[in-house]
Trainee: 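Here it is, the structure in full.
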Protein chains: 2
Amino acid sequence: MTEFSLPPIQTTARDDAVLKALAGFVMREKLEPGERLPTERILAERLKVSRNTVREALTRWEGLGLVERRQGSGTYLKAAVSLDMLHMPLTLAGGNDFTGLMRTLEIRRALEAEAAALCAVRADEDDLAEIERKLDIMEEEFLNRAGMSSEEDWEFHQAIYRACGNPLFEQIIAAMHELFHRFWEHPLGVRDFGHASFPYHRTMFNCIAAHDPEGARAEALKLIATVEDDLKRGAANLKLSDRK
Amino acid sequence: MTEFSLPPIQTTARDDAVLKALAGFVMREKLEPGERLPTERILAERLKVSRNTVREALTRWEGLGLVERRQGSGTYLKAAVSLDMLHMPLTLAGGNDFTGLMRTLEIRRALEAEAAALCAVRADEDDLAEIERKLDIMEEEFLNRAGMSSEEDWEFHQAIYRACGNPLFEQIIAAMHELFHRFWEHPLGVRDFGHASFPYHRTMFNCIAAHDPEGARAEALKLIATVEDDLKRGAANLKLSDRK
DNA sequence: GTGCAGAAATTGGTTGGACCATTGAACCAC
DNA sequence: GTGGTTCAATGGTCCAACCAATTTCTGCAC
């Protein structure tokens, strides 16, 4: 075990101080997302606080999505942390019905279009290569299984958000995506959900690769429109089968 | 490797269960923001879990801004909670530098344009009257004080988000707005910040009132563009005055 | 009765220690 | 190699205290 440069905590506001110290530690050690940070017991010992206090602090970070705990394994960094980061926790009420889903889709339409346009302007060769790689994987899955693979589809979109130069896009849309998937567990009865969106992935990528922001925006809007249609179709099915 | 849809099973999820139960309790008792909820000891006893587990759960809610704890007094509801709420914690690394502000503005540009376009489609007569009322107030303040009033300006924009038929727009942009103002009371020392955006408020409203979504979108983009320019100007000033 | 200072009860914050459940690595038998 | 077994490490939960801030009650002076 290496030597950690973690000086003991001073006085009140324990768990906040713990987080500050931890953030400083992460920066000094240049820990990146995916890496494991010290165990709770070690942190408690080094910071001279009880393990419970360490746990409350880590619970806060976990709630903010900065960290992931795996029992029996350890606590892992999930996002870049720094001393000067700001938190903007949003809680959206009532997203579990059809109306709520359509609302998140409206947000996603706005952000997806903007991200695609920004990406067309800013993506460099490496970004484009990565995006096309994900696109190839997705298309292959589509042909093999004759249907959309939501996992590979999501990877493709994420690659675009990452290349657009603004991490907020990925953060916001990722939250929406999670909500969306809660519904795909119990699909709306639409078998080939997302099927119609398939061709627009390639056309959108072509616009991005050609550094054509307005074209990319237009293709992104078409893509979302097909999803909205699927959703409406599913809602109609649901309404029919709901009659008692 | 074939594709199974097997979500991991959940055996232990104590604190999540606590939060679910607590959310149900809040809904049953119709507790409103500001009201006090049961003490940690009572919750631990009633839910048959340790107080420690209750605390970890409440720590999560506190981190999300749903609840406020006051030592010696109690734990108080800070926002409406429901069983179906969605959490979207956003973390902005280096939020008080120029880059961070520009990133929030990029999000705002995407949402502002979409909201204006939606509003042009959906706003009824009452909505339009309310928006114009705020606009009149803002313009009067502008003329009287020879400068933008951020308070009245914000009221005007909020009226648009409310009329666009999707409350998510207001929630997300409000979070950005709060972040924007938390560190930059008078952004970057630019005296007449936002001055150039003034005329576009009226032109944007005219497009909305004429139910012209694309026009409204275009004016919204122009408006944000002036803010971005101000920001860049301020950053340049800051860079100059920073030399020692 | 009123007002106020101090005691007492209440409540969140912290501690230390114990044990459970899961994970992953090392090891072993086949 | 494959498939178990053991075992140590790690996060999850629990308990029983005690500390610190706040609120409430009490009783005295007036």
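Note that the structure is a prediction, hence the values are computed from the model and not measured. Just so we're on the same page: letters track the sequence lines, and every chain starts at 1.
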Trainee: Indicate, yes or no, whether a donor-acceptor pair under 3.5 Å links the base of C:dG13 to the side chain of B:R69.
Mentor: no

Trainee: In whole Å, I'd like the distance from the NZ atom of A:K48 to the C1' atom of C:dT14.
Mentor: 16 Å

Trainee: Give a yes/no on whether any side-chain N or O of A:T75 is located under 4.0 angstrom from OP1 or OP2 of D:dG11.
Mentor: yes

Trainee: Are A:H201 and A:E139 linked by a side-chain donor-acceptor pair shorter than 3.5 Å?
Mentor: no

Trainee: Just to verify, what does B:D15 make a salt bridge (Lys or Arg N to Asp or Glu O under 4.0 Å) with, not counting sequence neighbours?
Mentor: B:R60

Trainee: Quick one: does B:R69's side chain have a donor or acceptor within less than 3.5 Å of a partner on B:T75's backbone?
Mentor: no

Trainee: Kindly indicate whether the side chain of A:N52 and the base of C:dG16 share any N or O donor-acceptor pair separated by less than 3.5 Å?
Mentor: yes

Trainee: With heavy-atom distances below 4.5 Å as the criterion, would you say the side chains of A:E140 and A:D136 are in contact?
Mentor: no

Trainee: Would you mind telling me which of C:dC19, D:dC14, D:dT13 lies closest to the side-chain atoms of A:R41?
Mentor: C:dC19

Trainee: Walk me through it: do A:E106 and A:R103 pass the test salt bridge (Lys or Arg N to Asp or Glu O under 4.0 Å)?
Mentor: CA-CA 5 Å; A:E106 279 177 2; A:R103 284 174 175 165; over 6 Å; no

Trainee: Taking only N/O atoms, report every protein-nucleotides 22-24 of chain D pair under 3.5 Å with atom names and distance.
Mentor:
residue : atom : partner : partner atom : Å
D:dT22  : O4'  : B:Q71   : O            : 3.4

Trainee: Salt-bridged, A:E130 to A:R133, with N to O below 4.0 Å?
Mentor: yes

Trainee: In terms of ring plane angle, is the pair B:H177 and B:W154 parallel, tilted or perpendicular, where the classes change at 30° and 60°?
Mentor: parallel

Trainee: Between B:L43 (CG) and C:dG13 (P), how many Å, whole number?
Mentor: 13 Å

Trainee: Atom CD of A:E68 to atom C1' of D:dT10: distance rounded to whole Å?
Mentor: 14 Å

Trainee: Between P on D:dA9 and CZ on A:R36, what's the gap in Å once rounded to a whole number?
Mentor: 11 Å

Trainee: Look at the side chain of A:Q171 and the backbone N and O of B:T91, then say whether any donor-acceptor pair between them is shorter than 3.5 Å.
Mentor: yes

Trainee: Given atom CD of B:E56 and atom C1' of D:dG11, what is their separation to the nearest angstrom?
Mentor: 10 Å

Trainee: Can you tell me how far P of C:dT15 sits from CD of A:E45, to the nearest Å?
Mentor: 14 Å

Trainee: Indicate whether OP1 or OP2 belonging to C:dT10 is found under 4.0 Å from a side-chain N or O atom of B:T39.
Mentor: no

Trainee: May I have the distance from A:R55 (atom CZ) to D:dC14 (atom C1'), rounded to whole angstrom?
Mentor: 11 Å

Trainee: Is any side-chain nitrogen or oxygen of B:R51 closer than 4.0 Å to OP1 or OP2 of D:dT13?
Mentor: no

Trainee: Any side-chain donor-acceptor pair under 3.5 Å between B:S50 and B:R55?
Mentor: no

Trainee: Just how large is the angle between the end axes of the helix from C:dG1-D:dC30 to C:dC30-D:dG1, five pairs per end, to 10 degrees?
Mentor: 10°

Trainee: Figure out the CG/C1' separation between A:L58 and D:dG11, and round it to whole Å.
Mentor: 10 Å

